Novice: 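I'd like to ask you about the structure that follows.
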2 protein chains.
Amino acid sequence: MNKSVPTDPSRPADDVTRHVGYQLKRAQAALRGAMDKALREHGLTVPQYSTLELLALRPGMSNADLARATFVTRQSGNVVLRGLQEAGLITRPATADHGRSRPAHLTAEGHTRLAAVQAAVYAVEQRMVEAIPPQRVEALLIDLDRIAAALED
Amino acid sequence: MNKSVPTDPSRPADDVTRHVGYQLKRAQAALRGAMDKALREHGLTVPQYSTLELLALRPGMSNADLARATFVTRQSGNVVLRGLQEAGLITRPATADHGRSRPAHLTAEGHTRLAAVQAAVYAVEQRMVEAIPPQRVEALLIDLDRIAAALED
DNA sequence: TTGTTCATGTCAGTATTTTGACATGGCCAG
DNA sequence: CTGGCCATGTCAAAATACTGACATGAACAA
């Protein structure tokens, strides 16, 4: 037996919790909460962690680069970068050698702090991935990518 | 021919953009941006719209109820509710008849304002849904639900 | 060279959201 | 009846993020 009211994809369901947008928001909120909790014990915020991770993978990214990659404005990114700099986790040249962009790099302490939190963060990612059938993970990544592409201007 | 480096699900990929968490954040950021843009022309913010939608579906929700449903703190929810009340889109009894919770209801103008924006918002949801193969939409909803459930405490 | 255009970094101000704390009302075991 | 416990609403303060604006340097066309 099936549901008495078949889903009609051409129109949004009257139950908000069945909208893709709602579930997307819910999943992201849960992820944010779990990461906040995992990072709090290490004294880092989510944007700070994201920035460290990005810089470890691609050293020399500028503030504008990082802001785009972490989905915040340049201004917000700048605040995060200042915080990390004051904490001694990253360095930026005082003057730009080309244009105005100043490439950021992890310090030694930045690397060790990142390594210290990665286990906790990866455990969260792991919990997420294990919650869905393995053969669907790839499709999920593709679908999320398509969604983002369809909504970006 | 396939990729030279097969994915190893037991460990996070070194490319951050292939993490489920990253794509989730990206898709949600894109959704938020698209909704902001669609709602701006109508003078509403995303939390305000979400609150109106919820109240239309389940009249009488309290501030705490709405805060949970929109994934913000009670305090933030209260600010949104005050704004909507000042704008004349919702009403709340001055005194609670049972406990401390004061049930909120849409005003006539609240209903009309909501109806006016729904087309724009549903169009965004539509763009999202059309971006992925129809037979995968249901699976996507299930996966997102599982992710949220796995990360919530 | 000169002017235009664009991306970047940054300042100031505002808005939004969160954390922390507290008082109040209902519920229930004792 | 009473005390503990929990959910709710709300205040205050801090953190966080955004909008708007401006100056600077690079790239490019005329």
Side-chain angles (χ1 to χ4, degrees), chain A residues 25 28-37 39-41 43-51 54-55 60-87 90-105 153, chain B residues 25 28-37 39-41 43-51 54-55 60-87 90-105 153:
Chain A
K25 190 165 156 189
Q28 215 277 330
L31 171 61
R32 175 74 184 228
M35 287 195 59
D36 264 330
K37 187 176 170 188
L39 289 170
R40 176 164 319 225
E41 305 159 7
L44 285 178
T45 66
V46 172
Q48 284 175 335
Y49 161 76
S50 305
T51 300
L54 257 336
L55 282 178
M61 287 180 82
S62 71
N63 175 34
D65 290 333
L66 290 164
R68 270 188 295 270
T70 57
F71 311 106
V72 295
T73 61
R74 292 197 305 277
Q75 292 87 332
S76 297
N78 207 359
V79 174
V80 175
L81 238 39
R82 277 174 189 276
L84 290 174
Q85 201 164 5
E86 284 176 16
I90 69 162
T91 57
R92 276 194 296 177
T95 113
D97 57 338
H98 180 266
R100 300 196 71 194
S101 115
R102 294 189 288 147
H105 292 269
D153 296 0
Chain B
K25 189 164 156 189
Q28 215 277 330
L31 172 60
R32 174 74 183 229
M35 288 195 58
D36 263 331
K37 188 176 169 187
L39 289 170
R40 176 165 321 230
E41 305 157 8
L44 285 178
T45 65
V46 172
Q48 283 175 336
Y49 160 76
S50 305
T51 299
L54 256 339
L55 281 179
M61 287 180 81
S62 72
N63 174 35
D65 289 334
L66 290 163
R68 270 188 295 270
T70 57
F71 311 106
V72 295
T73 60
R74 290 196 306 276
Q75 292 88 330
S76 298
N78 206 1
V79 174
V80 174
L81 239 39
R82 277 174 190 275
L84 290 174
Q85 200 164 5
E86 283 176 15
I90 68 162
T91 56
R92 276 193 297 176
T95 115
D97 56 338
H98 180 265
R100 300 195 71 192
S101 113
R102 293 189 289 147
H105 292 268
D153 294 1

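Because only heavy atoms are used, hydrogens play no part in the values below, and waters and symmetry mates are left out as well, while side chains stay in. Since the model is a prediction, treat every value here as computed from it, not as a measurement. Throughout, a chain's letter reflects where its sequence line sits, starting with A, and its residues are numbered from 1.
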Novice: Is the shortest heavy-atom distance from the side chain of B:Pro47 to the side chain of B:Thr70 under 4.5 Å?
Specialist: no
Novice: Any donor-acceptor pair, under 3.5 Å, between the side chain of A:Arg100 and the base of C:dA7, if you only look at N and O atoms?
Specialist: no
Novice: Please report, rounded to the nearest Å, how far the C1' atom of C:dT16 is from the CD atom of B:Gln48.
Specialist: 11 Å
Novice: Taking the side chain as everything from C-beta on, heavy atoms only, tell me whether A:His105 gets closer than 4.5 Å to A:Leu55.
Specialist: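 No. Closest side-chain heavy atoms not under 4.5 Å.
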Novice: So A:Ser101, base contact, sugar-phosphate only, or nothing? Heavy-atom distance under 4.0 Å.
Specialist: sugar-phosphate
Novice: Please report, rounded to the nearest Å, how far the C1' atom of C:dG25 is from the NE2 atom of B:His98.
Specialist: 9 Å
Novice: How about A:Gln48 and A:Thr45: do any of their side-chain heavy atoms sit closer than 4.5 Å?
Specialist: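 The answer is yes, as the side chains (C-beta and beyond) meet within the 4.5 Å cut-off.
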Novice: Within the pair B:Arg102 and C:dG25, is there a side-chain N or O less than 4.0 Å away from OP1 or OP2?
Specialist: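 For C:dG25, OP1/OP2 do not have a side-chain N/O of B:Arg102 under 4.0 Å.
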Novice: Could you tell me the separation between the CZ atom of B:Arg68 and the P atom of D:dA7, rounded to a whole number of Å?
Specialist: 9 Å
Novice: Name the nucleic acid region contacted by B:Val72, choosing base, sugar-phosphate or nothing; use a 4.0 angstrom heavy-atom cut-off, strictly under.
Specialist: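 The answer is sugar-phosphate, as B:Val72 gets under 4.0 Å only of primed atoms, P, OP1 or OP2.
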Novice: Identify, between A:Gly99 and A:Arg32, the residue whose nearest nucleotide on DNA chain D lies closer to the 5' end.
Specialist: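 Its nearest nucleotide being more 5', the pick is A:Arg32.
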Novice: Nearest whole angstrom, please: distance from the C1' of C:dT10 to the CD of A:Gln85.
Specialist: 14 Å
Novice: Would you compute the distance between atom CG of A:Leu81 and atom OG of A:Ser76 and round it to the nearest 0.5 angstrom?
Specialist: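 Reported value, rounded in 0.5 Å steps: 12.0 Å.
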Novice: Whether B:Ser76 contacts C:dT16 is assessed here as follows: a side-chain N or O lying under 4.0 Å from the phosphate OP1 or OP2. Is that the case?
Specialist: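 Result: no.
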Novice: Between D:dT8, C:dT8, C:dT17, which nucleotide has the shortest distance from any of its atoms to the side chain of B:Val80?
Specialist: C:dT17
Novice: Find the distance B:Asp36:CG to C:dT16:P and express it as a whole number of Å.
Specialist: 11 Å
Novice: Side chain of A:Thr73, heavy atoms from C-beta onward: which of D:dT10, D:dC18, D:dT8 has the nearest atom to it?
Specialist: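 Selected nucleotide (nearest to the side chain): D:dC18.
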Novice: Could you walk me through whether A:Arg32 and A:Asp36 pass the salt bridge (charged side-chain N to carboxylate O under 4.0 Å, His left out) check?
Specialist: CA-CA 6 Å; A:Arg32 175 74 184 228; A:Asp36 264 330; 3.5 Å; yes
Novice: When the distance from CD of A:Gln75 to C1' of D:dA21 is rounded to whole Å, what number comes out?
Specialist: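 For the pair A:Gln75 CD and D:dA21 C1', the rounded distance is 10 Å.
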Novice: D:dT24 C1' sits how many Å from A:Asp97 CG, rounded?
Specialist: 15 Å
Novice: Considering heavy-atom distances to DNA chain C, does B:Thr45 or A:Arg40 have its closest nucleotide positioned more toward the 5' end?
Specialist: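 Its nearest nucleotide being more 5', the pick is B:Thr45.
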Novice: Expressed in angstrom and rounded to an integer, what is the separation of B:Leu66 atom CG from C:dT17 atom C1'?
Specialist: 17 Å
Novice: Can you see if the side chain of B:Asn78 gets near the phosphate of D:dG9 - specifically, an N or O under 4.0 Å from OP1 or OP2?
Specialist: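 For B:Asn78, the contact criterion (side-chain N or O under 4.0 Å from OP1 or OP2 of D:dG9) is not met.
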Novice: So which one's nearest nucleotide on DNA chain C is more toward 5', B:Phe71 or A:Ala64?
Specialist: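 Comparing both residues, the 5'-ward one is A:Ala64.
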Novice: Under 4.0 Å from OP1 or OP2 of D:dG20: is there any side-chain N or O of A:Arg74 that close?
Specialist: no
Novice: Does B:Arg82 make a side-chain N or O approach to OP1 or OP2 of D:dG9 shorter than 4.0 Å?
Specialist: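 Answer is no, no contact under 4.0 Å.
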Novice: Assess the residue pair B:Arg100 and B:Ser62 against the criterion (side-chain contact (heavy atoms from CB on, under 4.5 Å)); give the C-alpha distance rounded to whole Å, side-chain angles, the decisive distance to 0.1 Å, and a yes or no.
Specialist: CA-CA 10 Å; B:Arg100 300 195 71 192; B:Ser62 72; over 6 Å; no
